Amino acid sequence: MNLFDNLNPMQREAVEYTEGPLLLLAGAGSGKTRVLVNRVANLVQKGVRPFNILAITFTNKAACEMKERIETLLEGTGGVWVSTFHSLCVRILRREISKLGYDAKFTIYDADDSQRIMKQVYKEHNINEKLLPVKAALGAISRQKDILVTAEQFAREAEGDYQQRQIALLYDAYQRKLKANNALDFDDLICKTVELFDKSPETLERYQNRFIYISVDEYQDTNFGQYRLVWMLSRKNNNICVVGDDDQSIYGWRGADIRNILEFERDFPGAKVIKLEQNYRSTKTILAAANGVIQNNVKRKDKELWTENTEGSLITHYTAETDLEEAGYVVDEIVSRAAKAEKYKDFAILYRMNAQSRLFEDRLVRENVPYRVFGGVRFYDRMEVKDVLAYLKALYNPLDDISLRRIINVPRRGIGEESVARLEAYAAEMEVPFYDAVCSWDEITGLPYNGRRVKDFSELLKLLMEDAATRPVTEILDNILKETNYVNELLTAETDHDMAKERVANVMELTAKAAEFKRQAEEAGEEATLAAFLEEVALVADIDAYSEQQDAVALMTMHSAKGLEFDNVFVVGFEEHMFPTSRAIFSASPAQLEEERRLCYVALTRARKRLYVTSAVTRRFYNEQVYNSPSRFLKEIPKELMRAIKSGRPVSAGAERKATLSHVQDGYTKPRTPPVLPKPKTGPPDFSVGNYVNQKKYGRGKVLDIKPAGADYEVTVEFAAGVKKFMAHLSNLERVE
DNA sequence: CTAGGATCATCAATT
DNA sequence: ATGATCCTAG
């Protein structure tokens, strides 16, 4: 097997260059995964033990794919450590975390768990959620963790500013509570690993000796903590290869720091830089469009992708009257193209927000088109799935109050708020975990039913725990369902029958997933322990489930689409305020808009052959009818690359296209549920600049500006609460004196 | 204590 | 529009 066949000179150089720091600037579709895989294979062929190679990826899916490709290439040489940052850290921490005073059986808390913890903190400190929303506090803390600032450090810096001091207090209390529950949140996984290496140089050295060659994919999306971790691990051997594209950095809001890639050469002296600029994925047209957009960003490394692929077809820009019609066009186009021998799995619909998927789903169902939605409410976030998982978590780590409190009255067993409050008070007074309070039910006065209900619950827990230590996760799960009768509870408690059935189906799917997990573990010669299952479940992303096996249209956000490619891509909702979002438009700093533009670049470059962008003149958004103009990014795509179609009437197209489109129109002359549109009145509003108006929500305000927008007028009004914009005829603005 | 109705705020992207 | 929280009656 020659690893260098069919590689271009740049790719070949990257595969060959194995010693010392290497920065691979790899544009979209430039074959970087191939380079990474071949590079690892090259190392192994040179005699490096797979055991000594670490490859970090962004998603579990990417990790699996890479592992498979390496194993195929090397015919079954396992042992290369391929994982995401988070799973790498968990594996290290499971072995080493006792050095930081945590128990090795720590639980990983997701965003929902974190929120519950924080709500408890608010309660204990009597802090008003209105003054500082829980989400805002958690966000602020998360940003600090991203840059490895501890609660103590933050408290020192926060002196003076009241809001900051408040956050410092919350950060500290939140962290203590996590510790008491023997739990880590997502950010902690990274921070604690860095902390561990800081505190224990000999531990760090062990891992440095183990990971002699390290590569990091999607380096543009790493945050400071992750950068620091990589830096520490690679310091000794200095064999670090990072791959990234500053134009595809789309996780700034999550703390990703584009400087990591821009300053790599400074951080790792003597670094070699190789650029991969040849694109193998898209047509010339698609690439030119993407380049046209991204070149409007100021902050970027200079480079331009090119391709030897064909020109391909023009990009279609479809302007629909309504969001409903937009969905109709997209789905009908998919149906008609699929009829011409294309597979459903060759189509993707990409949107900015998960909420946009609904209309497309409705339409796909109606046309009997198989599809899969990624993202949105994750499977593991479903209420019923979380309930069952909470049992598993509580059995595994009895210190995990959050999980224990979640299940104490699920299914209903007559332990309500009152009882929980008593237990809590006891736990606080005796300074013991909540679980101990449950077990000490006989010492607590004032429990309803003489503590009988709590007693039963504590006995149930003990019974389940007996098995939990030794049995495989599948049996533990079956046992929980049997002893609690949870499924039955779902069926009786839920008033909505379809909903109940769906919930039961989800629980069943969870047991199926556990079974599948057990099968895989046994195949690998491992045990399907509770610990391993919980870990897997905590760190999966929805996109990890994406598979090309299923012939189904893929629906996902542009963020989720990163790293994927499709023959035909529809980028929908291509409008101001949708994409770029209002937040980015009104943001004071241009950075947010630049990130939106990079997201646009990512979205456009997902397409191999055909690219569609669609916009609607009007749509329902947060339960309001809004009128948006086409996205500014549309103007950044060179006009000659596009074919514009408005409301079912091709501006320039052949007969074949017309046939398709009349089909679209038919769907709309007799829609099953006619779109309810307000009748836009015409004419200017009955007030002018300088007048005062009244608005339901914001009260009295002064009109600053009125300008035509489609059939209506956009009115800018200054209220006490700030400057807001409205569509004149939709927003019930009344002139007042 | 629980169930069910009323009221209220919220509304990006994710490991 | 939806989901979370609050409130009242059994």
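Treat the numbers as computed from the prediction; the structure is a model and nothing was measured.
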Colleague: Which residue is it: A/R597, A/R598, A/R300? I am looking for the one with a side chain to side chain donor-acceptor pair (under 3.5 Å) to A/D247.
Modeller: A/R300
Colleague: For A/E535, which of A/R94, A/R91, A/H86 qualifies under side chain to side chain donor-acceptor pair (under 3.5 Å)?
Modeller: A/R94
Colleague: Will you find, in the side chains of A/Q592 and A/E594, an N or O donor that is under 3.5 Å from an N or O acceptor?
Modeller: no
Colleague: What nucleic acid atoms does A/S419 come within less than 4.0 Å of, heavy atoms only: base, sugar-phosphate, or nothing?
Modeller: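 Sugar-phosphate only.
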Colleague: Using the C1' atom as the point on both nucleotides, what is the distance between C/dA4 and B/dA13, in whole Å?
Modeller: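 It works out to 23 Å between them.
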Colleague: Might you list the N or O atoms of the protein lying below 3.5 Å from N or O atoms in nucleotides 12-14 of chain B, with each pair's distance?
Modeller:
unit_1 : atom_1 : unit_2 : atom_2 : d
B/dA12 : OP1    : A/Y622 : OH     : 2.5
B/dA12 : N7     : A/R583 : NE     : 3.4
B/dA12 : N7     : A/R583 : NH1    : 3.2
B/dA12 : N1     : A/R352 : NH2    : 3.4
B/dA12 : N3     : A/R352 : NH1    : 3.2
B/dA12 : N3     : A/R352 : NH2    : 2.8
B/dA13 : OP1    : A/N354 : N      : 3.4
B/dA13 : OP1    : A/N354 : ND2    : 2.9
B/dA13 : O4'    : A/R352 : NH1    : 3.3
B/dA13 : N3     : A/W253 : NE1    : 3.1
B/dA13 : N3     : A/R352 : NH2    : 3.3
B/dT14 : OP1    : A/T557 : OG1    : 3.3
B/dT14 : OP1    : A/S560 : OG     : 3.0
B/dT14 : O4'    : A/R254 : NH1    : 3.4

Colleague: Categorize A/I190 for me: base, sugar-phosphate, or nothing, with a 4.0 angstrom heavy-atom threshold over every strand shown.
Modeller: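 No contact at all - A/I190 keeps every heavy atom at 4.0 Å or more from the nucleic acid.
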Colleague: How do A/D187 and A/R413 order along DNA chain B: which one's closest nucleotide is nearer the 5' end?
Modeller: A/R413
Colleague: Select base, sugar-phosphate, or nothing to describe what A/K119 touches, counting heavy atoms under 4.0 Å on all strands.
Modeller: sugar-phosphate
Colleague: Please report, rounded to the nearest Å, how far the P atom of B/dT15 is from the CG atom of A/D146.
Modeller: 15 Å
Colleague: So what does the secondary structure string of DNA chain B come out as, 5' to 3', with Watson-Crick or wobble pairs under 3.5 angstrom, [ ] for crossing and | for pairs with another strand?
Modeller: ||||||||||.....
Colleague: Taking A/E418 first and then A/R422, would you say they form a salt bridge - that is, a charged N and a carboxylate O separated by under 4.0 Å?
Modeller: yes
Colleague: Tell me which of A/P133 and A/L539 sits closer to the 5' end of DNA chain B, going by the nucleotide each one is nearest to.
Modeller: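 That would be A/P133.
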Colleague: Between A/K135 and C/dA4, is there a contact of a side-chain N or O with OP1 or OP2 at under 4.0 Å?
Modeller: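 A/K135 to C/dA4 OP1/OP2: no side-chain N or O under 4.0 Å.
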Colleague: Ignoring hydrogens and angles, state whether a donor on the side chain of A/Y227 or A/D257 is under 3.5 Å from an acceptor on the partner side chain.
Modeller: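 No, because no side-chain N or O of A/Y227 sits under 3.5 Å from a partner of the opposite role on A/D257.
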Colleague: Using atom CG of A/D217 as one end and atom P of B/dT15 as the other, report the distance to the nearest whole Å.
Modeller: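 So the CG-P distance, A/D217 to B/dT15, works out to 15 Å.
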Colleague: Starting from P on C/dT2, measure out to CE on A/M383 and report it in whole angstrom.
Modeller: 17 Å
Colleague: In whole angstrom, give the distance that lies between atom CG of A/D185 and atom C1' of B/dT15.
Modeller: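 Rounded to whole Å, this separation is 11 Å.
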Colleague: Are A/E96 and A/Y102 close enough that a side-chain donor and a side-chain acceptor fall under 3.5 Å?
Modeller: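 The criterion, which ignores hydrogens and geometry beyond distance, is not satisfied for A/Y102 and A/E96.
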Colleague: Could you check whether A/K386 pairs with A/D112 (Lys NZ or Arg NE/NH1/NH2 to Asp/Glu carboxylate O, under 4.0 Å)?
Modeller: yes
Colleague: How long is the line joining CG of A/L359 and P of C/dA1, in whole Å?
Modeller: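 Nearest whole value for this atom pair: 13 Å.
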Colleague: Within the 3.5 Å criterion, strictly below it, is a donor on A/E384 or A/N506 matched to an acceptor on the partner's side chain?
Modeller: yes
Colleague: Using atom CZ of A/R619 as one end and atom C1' of B/dC11 as the other, report the distance to the nearest whole Å.
Modeller: 15 Å
Colleague: Give one of base, sugar-phosphate or nothing for A/N409, where a contact means two heavy atoms less than 4.0 Å apart.
Modeller: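 Sugar-phosphate only.
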Colleague: May I have the distance from A/D257 (atom CG) to B/dT15 (atom P), rounded to whole angstrom?
Modeller: 20 Å
Colleague: Which whole number of Å gives the distance between the C1' atom of C/dT5 and that of B/dA12?
Modeller: 24 Å
Colleague: Would you mind classifying the nucleic acid contact of A/R453 as base, sugar-phosphate or nothing, using non-hydrogen atoms under 4.0 angstrom?
Modeller: nothing
Colleague: Looking at A/Y251, is A/R254 sitting on its ring face, NZ or CZ under 6.0 Å from the six-membered ring centre and within 45 degrees of the normal?
Modeller: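 The answer is yes; both the distance and angle limits are met.
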Colleague: In this structure, how many angstroms lie between the P atom of B/dC11 and the CE atom of A/M578, rounded?
Modeller: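 Rounding to the nearest Å, CE of A/M578 and P of B/dC11 are 16 Å apart.
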Colleague: Determine, step by step, whether A/E596 and A/T581 satisfy the side chain to side chain contact (heavy atoms under 4.5 Å, CB included) criterion, reporting the C-alpha distance in whole Å, the side-chain angles of both residues, the deciding distance to 0.1 Å, and the verdict.
Modeller: CA-CA 8 Å; A/E596 293 284 303; A/T581 60; 4.0 Å; yes
